[in-house]
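Reading through the structure tokens given below for one structure.
Reminder, nothing fancy here: chain letters follow the sequence lines and each chain counts from 1. What you are looking at is a predicted structure, and each value in this text was computed from that prediction instead of being measured.
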2 protein chains.
Amino acid sequence: MSQNSRKILSEHSVSITNPRILVLEALLDFGNPITIDELQLKLGDSVAKSTLYRVLNDLKKINILNEFTSPDNSTVVELILEDHSHHHHLFCSDCGEVIDVELSEEFEIMLTKEIQKVQKKFNFEITDHRVEMFGLCTEECANCKKN
Amino acid sequence: MSQNSRKILSEHSVSITNPRILVLEALLDFGNPITIDELQLKLGDSVAKSTLYRVLNDLKKINILNEFTSPDNSTVVELILEDHSHHHHLFCSDCGEVIDVELSEEFEIMLTKEIQKVQKKFNFEITDHRVEMFGLCTEECANCKKN
DNA sequence: AGCATAAATGAGAATTTATCTCATTTTTTT
DNA sequence: AAAAAAATGAGATAAATTCTCATTTATGCT
């Protein structure tokens with residue numbers, strides 16, 4: 001249903017266009033995170049390459065898209081929706097998979113305290129943080145089995 | 001003194017060449033981390049572009065170079081020397097500066113525990129992790145003042 | 001609904017970043 | 001010191017992202 005995407009766009013007063021809907025649909029459908037490569041495959045030629053990048057930048061501007069780089073240097077993108085709580089990332093160095101990970105409440109509290117210390121020490125205004133973990137997924141991973 | 005660089009290279013049984021020494025000197029002299037851009041500037045044309053990338057890859061191979069991507073998508077590189085203890089990174093979203101940050105012992109212990117939980121939950125073998133913090137440096141920053 | 005204006009798009013050119021090729025030079029081995 | 005192996009420079013190539021501009025689409029107004 002494209003209603004979700006339309007709603008997201010209008011809530012952020014961004015004009016509703018076909019490419020934007022298609023990109024949002026793809027992101028919603030896949031469930032994040034996804035590499036730009038995979039996203040392009042998924043979209044086929046329904047959205048021009050230049051437009052895809054433009055749309056991703058639009059989404060970043062309205063703060064509903066998070067972008068980061070995986071250990072193998074591919075760009076990964078993920079929607080940040082209201083129901084999408086604070087989390088971190090686990091990367092498989094072999095197959096490139098990225099998994100969303102939530103850490104414990106106590107840990108987050110402690111991390112917040114650490115961040116406050118860092119803010120003071122370096123006179124920074126820290127607006128965001130992330131914990132990234134790298135490793136190898138084991139037996140279960142269908143992608144890794146392929147190799 | 002190029003003795004340090006020579007020592008580093010020979011300790012890792014990597015042949016001692018001029019470009020390698022120059023790149024190591026630059027990294028040691030600057031104090032990490034540094035963007036590849038800045039590194040190129042620093043080296044001028046004393047080392048060919050292709051050689052620079054090759055040398056960086058060589059250093060990665062012998063595990064004395066850490067590479068990551070800053071929020072503005074530039075590649076940042078940093079030497080990992082013995083005396084260089086475990087640390088994390090603080091990025092200024094404005095001027096692009098990257099600062100090494102050490103967090104408290106207790107925090108690291110707790111993080112290790114969290115990582116063990118994640119390993120079990122996702123059946124991963126986690127080999128590395130990093131905490132990245134983003135924000136704005138304030139008055140003190142010479143770079144930001146420029147803007 | 002229909003028009004005018006502003007904004008977004010597609011297609012390909014241009015830019016940027018990193019890797020590759022290969023003839024020459026430097027290092028290592030003997 | 002000579003031979004063999006490895007590294008380098010310069011430029012070509014490749015991949016990822018942004019830019020340009022003519023055309024299309026969305027929006028605001030009547």
Distance below 4.0 Å between [X] side-chain N/O and [N] OP1 or OP2:
X      : N       : value
T75(B) : dT17(C) : no
S50(A) : dT17(D) : no
T51(B) : dG9(D)  : yes
R54(A) : dT18(D) : no
N18(A) : dT9(C)  : no

Closer to the 5' end of DNA chain D via nearest nucleotide, is it Y53(A) or I16(A)?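 Upstream on the strand: Y53(A).
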In terms of the nearest nucleotide of DNA chain C, which residue is placed more toward the 5' end: D37(B) or S15(A)?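 Counting from the 5' end, the first nearest nucleotide belongs to S15(A).
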Distance in angstrom units between [X] [atom1] and [N] [atom2], rounded:
X      : N       : atom1 : atom2 : value
E67(B) : dA18(C) : CD    : P     : 7 Å
N73(B) : dA18(C) : CG    : P     : 11 Å
K49(B) : dA12(D) : NZ    : P     : 11 Å
N57(B) : dT17(C) : CG    : P     : 17 Å
L59(B) : dA7(D)  : CG    : P     : 12 Å

Flag, side chain of E125(A) to backbone of L136(B), donor-acceptor distance under 3.5 Å: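 Judged by distance alone, no pair lies under 3.5 Å.
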In terms of relative ring orientation, are F134(B) and F91(B) parallel, tilted or perpendicular, with 30° and 60° separating the classes?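 It falls in the parallel class, under 30°.
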Verify side-chain contact (heavy atoms from CB on, under 4.5 Å) between C137(B) and F122(A), making sure each step is shown before the conclusion. CA-CA 8 Å; C137(B) 57; F122(A) 295 99; over 6 Å; no
List the steps and the verdict of side-chain contact (heavy atoms from CB on, under 4.5 Å) for L56(A) and E67(A). CA-CA 9 Å; L56(A) 292 176; E67(A) 183 185 297; 5.7 Å; no
